[in-house]
Amino acid sequence: MPNIAFINGKWTSLSSAKISIEDRGFQFGDGVYEVIRTYGKACFELKEHLTRLERSANAIEIALPYQAEILEKIIQFGCRKSRFKDTMIYIQLTRGTAPRGHAYPKKKRSTLVMTFRESKPVSEEIRKKGVSIISTEDIRWARCYVKSLNLLPNVLAREAAKRAEAFEAIFIREGHVMEGAGSNLFAVFGDKIVTPSLGPYILSGITREIILRLGRENGLTMVEGSLPLDDLYVADELFLTGTTIEVLPVICLNQKPVGSTKPGDVTLSLFNIFQDYVS
Ligand SMILES: Cc1ncc(COP(=O)(O)O)c(C=O)c1O
């Protein structure tokens, strides 16, 4: 089963895929990205991901080289070609290749790279047990709704989590929760399920949006508001959402137990509701 790549219109094996060292994505992180997964042959929320890609690209004035409908077809072709059971699609769009200089180059020719690999789910063992998280100061820029290639704060935060044997790091700004380095966070307080409202420091996660909608459709009280870090210590349950992790229970925050230290009922019920939606 091959890992394959698509580079500016050409298909290649992942191992032989190459781009110039003068690509601005490599030189400046001057680009945006998306991560999409399939369940079987079906791309999950493909339109929503491509809309977000276009929004990110517009925000930094990079033109998408294909219309969304064409991109959809290319992605579906790639999934068939790679023949995995579930596929993880990574899309990276940069401002293209040009001699190094910070301002935009005169010649506008973006680079579009897509890779297709096998999607590996979170193990049953981790999902059943729940994960630990840490909090970390949010040192990111004020346009986190753009899915930018500049991920250095996220890299540092995830490394800090890894060193603390935690699964995720949660960005905290002025005492308030923003989001994880690669996920959104929800907290359960009695019958209320709270997640930070969208703003400059939060990516509108596709999974976050689905969970808010499915929760409401199932009669749960889903609240978008402010979420102080201190409140997380008294939450009944915490969980993370994201494309690869889906709905993942959190049982420990900064080495302190969360709720009953077992994945909670609300989290499990939202996980099951999400699975029904997926299937
Ligand atoms: C910073 C950040 N927040 C949230 C998410 C979750 O978004 P989604 O549910 O669309 O995967 C991601 C996913 O990559 C992310 O990088």
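Counting convention: from 1, in listed order, for ligands and their atoms alike. Sequence positions, counted from 1, serve as the residue numbers for this chain. Every heavy atom of this structure was used, including side-chain atoms; hydrogens, water molecules and symmetry mates were not.
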Is the shortest distance from a Lys or Arg side-chain nitrogen in Glu224 or Arg216 to a carboxylate oxygen in the other one below 4.0 Å? yes
Salt bridge (charged side-chain N to carboxylate O under 4.0 Å, His left out) pairs, two or more places apart, involving residues 259-279: none
Who are the side chain to side chain donor-acceptor pair (under 3.5 Å) partners of Asp30, not counting sequence neighbours? Arg24, Arg95
Over 60° means perpendicular and under 30° means parallel, so classify the ring planes of Phe186 and Phe239, tilted if in between. parallel
One line per pair, note the atom names and distance for all nitrogen or oxygen contacts under 3.5 Å between ligand 1 and the protein.
unit_1: ligand 1; atom_1: 3 (N); unit_2: Glu179; atom_2: OE1; d: 2.8
unit_1: ligand 1; atom_1: 9 (O); unit_2: Ile206; atom_2: N; d: 3.3
unit_1: ligand 1; atom_1: 9 (O); unit_2: Thr207; atom_2: N; d: 3.0
unit_1: ligand 1; atom_1: 9 (O); unit_2: Thr207; atom_2: OG1; d: 2.6
unit_1: ligand 1; atom_1: 10 (O); unit_2: Arg52; atom_2: NH1; d: 2.9
unit_1: ligand 1; atom_1: 10 (O); unit_2: Arg52; atom_2: NH2; d: 3.0
unit_1: ligand 1; atom_1: 10 (O); unit_2: Ile206; atom_2: N; d: 2.8
unit_1: ligand 1; atom_1: 11 (O); unit_2: Thr243; atom_2: N; d: 2.9
unit_1: ligand 1; atom_1: 11 (O); unit_2: Thr243; atom_2: OG1; d: 2.6
unit_1: ligand 1; atom_1: 14 (O); unit_2: Lys147; atom_2: NZ; d: 2.8

May I have all residue pairs that pass salt bridge (charged side-chain N to carboxylate O under 4.0 Å, His left out) and include part of residues 109-134, sequence neighbours excluded? Arg127-Glu246
Ring center gap for Tyr277 and Tyr39 short of 6.0 angstrom: no
